[in-house]
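Quick note on labels: first sequence line is chain A, next is B, and so on, each numbered from 1.
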Amino acid sequence: MQHILLAEYEKNLRLSISMILRSAGYEVTVSANGQEALDSMSNNDYDLLITDIEMPKLNGLELIHALRSKSYDIPIIVMTGYGNKDLVVELLHMGVKKYLDKPMEMKNILKTVHGVLSERAEKQDRQEKKKLMYNRELERYQENLANLEKQIDSSVVAYNELVFLNKKDYQVKIEWKNRPLANLGGDFIGIKDTADGCEMLIADVAGHDMGASIHAVSIKAFFEENTCQSSSGEELLQLLNKQLLDGGKNQRMVTALFLSINLKENECTMVSAGHPFPVIQKSMQSALDTFSAPSQALGIFEVVELATKKIDISSEDRLFLYTDGLLNRWHYDVETGEKQKLRMKDIEEIISKYHQKPLSTLVNSIWEGELGIQNYKQTDDMMLVGVEIPL
Amino acid sequence: MFKINEDEKRIHFQISSERKNVDRIIRQTREYLAQSKFEVFPEFKIVLREMLINAIEHGNKGDVLLPVVCNIEKIKDDLLSLKVKDKGTGFDHKNTEITMPEDPLTARSRGLALIREFAEGIKFNKKGNEITVVVRPEFKTSFDIKKEEEWHIFKPNGDITASIAENFRSSLNDLIQKGHRHYHFDLGKVEDVDSISLSVFIILYKVLSKEESPFGLVMINVSQDLQNLLRMTQLDRIYDISGS
């Protein structure tokens, strides 16, 4: 049942209007002045206010002001008498749309009240429908998001399984760190034992999105199928290049470094396609060897110009392979505001400093500590692989 | 308690450990920065809010009487330095996980991960109760394209990275479709070019070299670092490169 609040000073009018409304089925609460009406508003929920203008304590205008300032959103019908008509303009400004002229006829009262209440009911109905529609859409979005998340989660698991290295199983000692920029990344490391030693491939697919990780996966497949055969590192990379080009539209630049370690001959052959050569630490010494030689990246040209380097290796020599994400990091100095970039020599300094420590300590020190990502902001997938020649 | 101290260089607050002071600081700072026409950006609000909440709830353990001190300074045109200090015993920031923790209840580390996500530099004092952070509004490189005779001259106003690589690629593509074959890149404002953007340069060459007619590819004002990168990937063989 709808509840109406009636504010009217004149006792007889108050009585007759409330009787008319009650007989029509409305619940009515009466008040003799604006203040009583205002107080009543805070104790009850009303569907409509019918108010007079001329009232003591708080007149109709003041009552309506007070209600609006307290954000009461109740529909209001004002009873205007002779002499109040000029107030209509002001009332209009306050959102009062319905007026009952005094003296009023019974059927006018009921018609007006009914009109205001049904208009309000329709508006609420429309708002409910809108809300339902939005809720349904929101549910749909949430479902889609949950599905996408599931797909991404399973891709992440698949990616991690593919890229994961079991570091205990090789003829050389391996310590390995990997951190993609997002959940999936485009860096790849593969290693296989051979009769004489092992073969390794480190690759960096341009970008760090899902497309990059798809390429990383296909490089893994390539590595599984094509290594440990009689082909040289150069032939291998040219073959990989061709496979990447055959990928069609989804072309990506890939830098790669292939390493073949022969423990019997104490030799290591490295072939690079646009990828940095490893940093070499000879047998627990602090001095380091680095090389650089220009070469082209894979996935762009029909025939790639590679760079090859062959070195002698001995027990306890270490090679540090990495992707450029390890170095492409920076931060802003909080005092000066200068951009500080990580340099290769920062890495070399760490290796020299901890040169006598075990491989795992050394790799951790390069990866964390002062050079860790809490100090240098990551901008690309990063990977670090430490290789130690056994005794 | 809410005390403010300001001059042209910085604004300094000393507050009691009440959460309501956080929004007030942000509001006042916004007004202060607006005076020098510096617009407050989302990263600033997120980071400062986390720093203050950390100080109030974790550093001072919610003890209203303990003060938090906050200093905000513009150290460069687009760089703000934010410093917050509490009276706590400090916090072992070195050993905290730097990524979002699985358990949302580990509020302190989540706050720190959020700060790390958006800050361009972070420094803790030895005790661990003072954190200084540098924040910067997100900058998206745009490029100016001019035509001079048969050359199209591209002048990016910042680094060329994955976020604008697609725009870059499609602008070039549009021009190539129209038959233009001479491209000039002024990389004076470019410090970094990532691998995706490098691919765009390489693919540009590939597409142009497919046809017989002559073409031109020039890069000027290339920094030493960038020149090294271009040499390593042999782009110096296919582009005419000159330094600043």
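Counting heavy-atom neighbours within 6.0 Å of A/Lys177 NZ, excluding the residue itself, gives a total above 12. Atom NZ of A/Lys341 has more than 12 neighbouring heavy atoms from other residues, nucleotides or ligands inside a 6.0 Å radius. By the neighbour-count criterion of 12 heavy atoms within 6.0 Å, atom CD of A/Glu302 is sparsely surrounded, having that number or fewer from other residues, nucleotides or ligands. At most 12 heavy atoms of other shown residues, nucleotides or ligands fall within 6.0 angstrom of atom CG in B/Asp77.
The structure places CG of B/Asp192 at 7.0 Å from OG1 of A/Thr379, a figure rounded to the nearest 0.5 Å. Separating the CZ atom in A/Phe301 from the CD1 atom in B/Ile238 is a distance of 4.0 Å, to the nearest 0.5 Å.
Taking the side chain as every heavy atom from C-beta outward, A/Asn375 and B/Lys123 never approach each other to under 4.5 Å.
When the candidates A/His275, A/Glu305, A/Gln378 are compared by the number of heavy-atom contacts under 4.5 Å with chain B, A/Glu305 comes out ahead. In terms of heavy-atom pairs under 4.5 Å with chain B, the best-connected choice from A/Ser295, A/Gly337, A/Gly299, A/Ala293 is A/Ser295. Interface summary for chain A: among B/Ser81, B/Ser195, B/Ala165, the most heavy-atom pairs under 4.5 angstrom belong to B/Ser195. By number of non-hydrogen pairs under 4.5 angstrom with chain A, the leading residue of B/Thr233, B/Leu235, B/Asp236, B/Thr161 is B/Thr233. Contacts with chain B were tallied for A/Lys377, A/Glu368, A/His331; A/Lys377 has the most, counting heavy-atom pairs under 4.5 Å.
Residue A/Met253 is tested with B/Leu198, B/Val200, B/Ile203 for a side chain to side chain contact (heavy atoms under 4.5 Å, CB included); the sole match is B/Leu198.
Both the backbone and the side chain of B/Glu191 come within less than 4.5 Å of a heavy atom of chain A.
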Under 3.5 Å donor-acceptor pairs involving side-chain atoms of residues 214-227 of chain B, not counting sequence neighbours:
from     : atom 1 : to       : atom 2 : distance (Å)
B/Asn221 : ND2    : B/Asp186 : OD1    : 3.0
B/Ser223 : OG     : B/Leu226 : N      : 3.2
B/Asp225 : OD2    : A/Arg343 : NH2    : 3.3
B/Gln227 : NE2    : B/Val222 : O      : 3.1

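Counting all heavy atoms, side chain and backbone alike, A/Asp333 lies closest to B/Ile75 at O-CD1, 4.4 Å. Annotation for A/Thr336 and B/Lys76: closest pair O-CE, 4.2 Å, computed over non-hydrogen atoms. A/Ile300 and B/Ile202 get closest at one heavy-atom pair: CG2-CG2, 2.8 Å.
The residues A/Lys339 and B/Glu120 are annotated as not salt-bridged, no charged nitrogen and carboxylate oxygen being separated by less than 4.0 angstrom.
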